[in-house]
S.K.: 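I have a structure I would like to understand better, so I am pasting it below and will then ask my questions one at a time.
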2 protein chains.
Amino acid sequence: MNTDGDLKKEKLLGKSFIFDALDDQARQELANFSYVKRYAAGDKIFTMGEPGQSMMAIAEGTVRVTMFTPSDREVTLNDLQAGDVFGEIAMLDGQERSANVKALTNCTLVVLERRALLDVLQRNPILSVRLIELLCQRVRRSDERMIEIAFLDLPARLAKLLLRLTVAPPASEEKPLAKLSQSQSELASMIGNTRENVNRCLRKWQKAELINLQDGWLIIRDRDRLEALAHGE
Amino acid sequence: MNTDGDLKKEKLLGKSFIFDALDDQARQELANFSYVKRYAAGDKIFTMGEPGQSMMAIAEGTVRVTMFTPSDREVTLNDLQAGDVFGEIAMLDGQERSANVKALTNCTLVVLERRALLDVLQRNPILSVRLIELLCQRVRRSDERMIEIAFLDLPARLAKLLLRLTVAPPASEEKPLAKLSQSQSELASMIGNTRENVNRCLRKWQKAELINLQDGWLIIRDRDRLEALAHGE
DNA sequence: CAACGCTAGTGACAACAATCACACGTTCTG
DNA sequence: CAGAACGTGTGATTGTTGTCACTAGCGTTG
């Protein structure tokens with residue numbers, strides 16, 4: 001509401017690579033047009049099919065992007081962290097939201113309305129370039145994921161998932177994590193498969209000493225062989 | 001090379017909805033920077049992994065976009081017609097081409113280099129908006145396709161494909177086509193499945209009087225029931 | 001016309017995954 | 001502390017799909 005709040009929003013927006021190329025004035029403009037919204041863990045942020053007129057940048061917390069399959073199973077498409085943005089597509093083309101997003105932890109989001117962004121867009125060609133880059137990235141990721149889902153078997157997809165979940169976020173230090181705490185059901189929902197099959201696969205890998213399963217943790221022991229599995233044997 | 005050639009390119013570029021919002025001057029600029037290239041049926045236009053520095057708009061002909069799966073099977077992602085553009089992604093972000101494209105018929109393409117477009121982009125904010133729209137569309141289509149592949153069974157995907165192949169192109173009249181001539185192997189490669197299974201499925205549909213198979217043609221008899229199948233029973 | 005290539009049709013079998021069913025432990029909670 | 005809720009480990013069954021094998025028709029071409 002005041003200068004202090006705006007400063008904070010500017011900083012939060014700066015965390016997203018989309019906006020870090022803007023000059024101070026443009027960032028200030030964006031901050032003026034945007035607002036901060038908080039969600040508690042478990043809250044729905046938006047739902048598939050709703051008209052979407054805004055995008056969100058995550059300042060704090062984690063959100064989960066999901067969809068329901070035709071057979072009504074919920075699958076997790078992605079978990080997003082601070083610095084990530086979501087809802088861009090619906091905002092940019094003014095169409096329906098194409099997924100569900102809910103807060104996994106308490107979250108602080110910076111919300112940007114369609115009208116506001118279009119406005120700033122007009123005066124800042126650099127911002128369009130950033131958006132175009134973002135979208136290209138999205139297209140590439142989607143296409144890749146599509147091929148994976150269509151043509152890799154469960155072990156390969158699961159291996160890919162484990163690797164993806166354990167790369168260090170760009171912000172932090174370099175070394176990949178070795179432990180994860182996701183439940184097997186969660187893993188299953190992320191690769192569009194069942195808990196049972198994920199379990200059987202993980203067991204096999206434990207026997208083969210690729211991973212360790214200990215009191216709820218999954219520990220990666222042989223990253224290289226997982227990489228090999230991820231590329232179809 | 002001369003005014004005549006440029007006029008032609010302008011017209012060809014105008015066929016793509018991306019460029020039809022430009023004013024004459026901008027279109028003229030683009031025409032100056034672009035060039036026409038012809039390919040014979042069967043020619044490779046570009047290959048996955050190559051560095052990509054240009055995009056193409058189809059003026060005449062049909063091209064096929066394919067990929068190789070990890071297990072080395074070639075799948076058809078899409079067939080594109082006059083007015084469609086391809087190669088945008090690699091051009092826009094300067095990364096590798098993410099698919100193979102080959103000419104299905106003799107083709108006339110208008111090629112636009114990355115540098116040229118970036119140049120025009122700077123002076124024509126409207127063009128960025130168009131590109132952003134195009135990319136949004138791409139993202140939505142990819143995501144949709146991903147879900148389809150992951151969670152619909154063969155009959156549903158095949159039904160979807162048949163419906164997609166028989167909607168009239170936006171340019172032509174309204175009524176959906178009823179006949180197609182794609183071979184069953186082609187259909188299989190478009191839905192990431194085998195010819196044998198496509199065949200079995202089509203046979204069943206013929207018995208159920210959903211379609212007719214006659215001397216190489218596939219004739220749709222009951223579009224409504226196909227629509228039903230396409231949405232998971 | 002014989003040989004070849006391409007498309008279509010179909011049966012047999014194996015591999016994989018979905019589903020159901022159940023047992024076991026932990027942790028949370030009334 | 002009892003019981004619910006959840007995560008985990010596994011077996012049995014069933015259905016779908018991929019692979020292989022073989023047959024057959026049709027058109028091109030040498």
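The figures that follow rest on heavy atoms only: side chains count, while hydrogens, waters and symmetry mates do not.
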S.K.: Which letters describe nucleotides 24-30 of chain C, given B = protein heavy atom under 4.0 Å from base, S = only from sugar-phosphate, - = neither?
M.R.: -------
S.K.: Starting at atom CG of A:Leu187, determine the distance to atom P of D:dG7, rounded to an integer number of angstrom.
M.R.: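 In whole Å, D:dG7 P and A:Leu187 CG are 12 Å from each other.
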S.K.: What integer distance in Å separates A:Gln214:CD from D:dT8:P?
M.R.: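 A:Gln214 atom CD is separated from D:dT8 atom P by 14 Å.
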S.K.: How many Å lie between CG on A:Leu154 and P on D:dG18, as a whole number?
M.R.: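 Spelled out: CG on A:Leu154 to P on D:dG18 is 16 Å.
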S.K.: Does the side chain of B:Tyr35 come within less than 4.5 Å of B:Leu109's, by heavy atoms?
M.R.: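 A side-chain contact is absent here, since even the closest heavy-atom pair is not under 4.5 Å.
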S.K.: What is the distance, rounded to the nearest whole Å, between atom CH2 of B:Trp217 and atom C1' of C:dT7?
M.R.: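 My rounded result for the distance is 15 Å.
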S.K.: Looking only at the side chain of B:Ser183 (C-beta and beyond, no hydrogens), which of the listed nucleotides C:dT19, C:dA17, C:dA8 gets closest?
M.R.: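 Output: C:dA8.
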S.K.: Counting only non-hydrogen atoms, which of residues 194-201 of chain A are less than 4.0 Å from DNA chain D?
M.R.: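 A:Arg195, A:Glu196, A:Asn199, A:Arg200, in order of number.
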S.K.: Do B:Glu209 and B:Arg225 sit within salt-bridge range, that is, some charged N less than 4.0 Å from a carboxylate O?
M.R.: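 No salt bridge links B:Glu209 with B:Arg225.
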S.K.: Measure NZ/B:Lys204 against C1'/D:dG15 and give the value in whole Å, please.
M.R.: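 About 11 Å, once rounded to whole Å.
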S.K.: Using whole Å, what does the distance between atom C1' of nucleotide D:dC6 and atom CG of A:Asp215 come to?
M.R.: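 About 16 Å, once rounded to whole Å.
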S.K.: I'd like to know if A:Arg157 and A:Glu148 make a salt bridge, using a cut-off of under 4.0 Å between side-chain N and carboxylate O.
M.R.: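 A salt bridge is absent here (no side-chain N lies under 4.0 Å from a carboxylate O).
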S.K.: Less than 4.5 Å apart, side chain to side chain, heavy atoms only: is that true for B:Leu158 and B:Val198?
M.R.: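 B:Leu158 reaches B:Val198 side chain to side chain.
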S.K.: Can a side chain N or O of A:Gln184 be found less than 4.0 Å away from OP1 or OP2 on D:dG9?
M.R.: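 Checking A:Gln184 against D:dG9: at least one side-chain N or O falls below 4.0 Å of OP1 or OP2.
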S.K.: Is the closest side-chain heavy-atom distance between B:Ile220 and B:Asn212 below 4.5 Å?
M.R.: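 They are not in side-chain contact.
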S.K.: What residue pairs, at least two apart or across chains, pass salt bridge (charged side-chain N to carboxylate O under 4.0 Å, His left out) with a residue in residues 89-110 of chain B?
M.R.: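 Qualifying pairs: A:Arg140-B:Asp93.
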S.K.: Less than 4.0 Å between a side-chain N and a carboxylate O, is that true for A:Arg64 and A:Glu186?
M.R.: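 Here A:Glu186 pairs with A:Arg64 in a salt bridge, since their nearest N and O are under 4.0 Å apart.
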S.K.: Rounded to whole angstrom units, what separation is found between the CD atom of A:Gln182 and the C1' atom of D:dT8?
M.R.: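 It is 16 Å, rounded to the nearest whole Å.
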S.K.: Which one, C:dA17, D:dT17, C:dT10, comes nearest to the side chain of B:Asp153?
M.R.: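 When the side chain of B:Asp153 is considered, D:dT17 is the closest of C:dA17, D:dT17, C:dT10.
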S.K.: Please report, rounded to the nearest Å, how far the C1' atom of C:dC6 is from the CD atom of B:Glu186.
M.R.: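 It works out to 12 Å between those atoms.
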S.K.: Determine the minimum heavy-atom distance between A:Asn100 and A:Met67, stating which atoms define it.
M.R.: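 Nearest pair, atom of A:Asn100 first, then A:Met67: ND2-CA, 4.0 Å.
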S.K.: Distance check, rounded to the nearest 0.5 Å: A:Met91 atom CE versus A:Leu131 atom CG?
M.R.: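 Here the rounded value is 7.0 Å.
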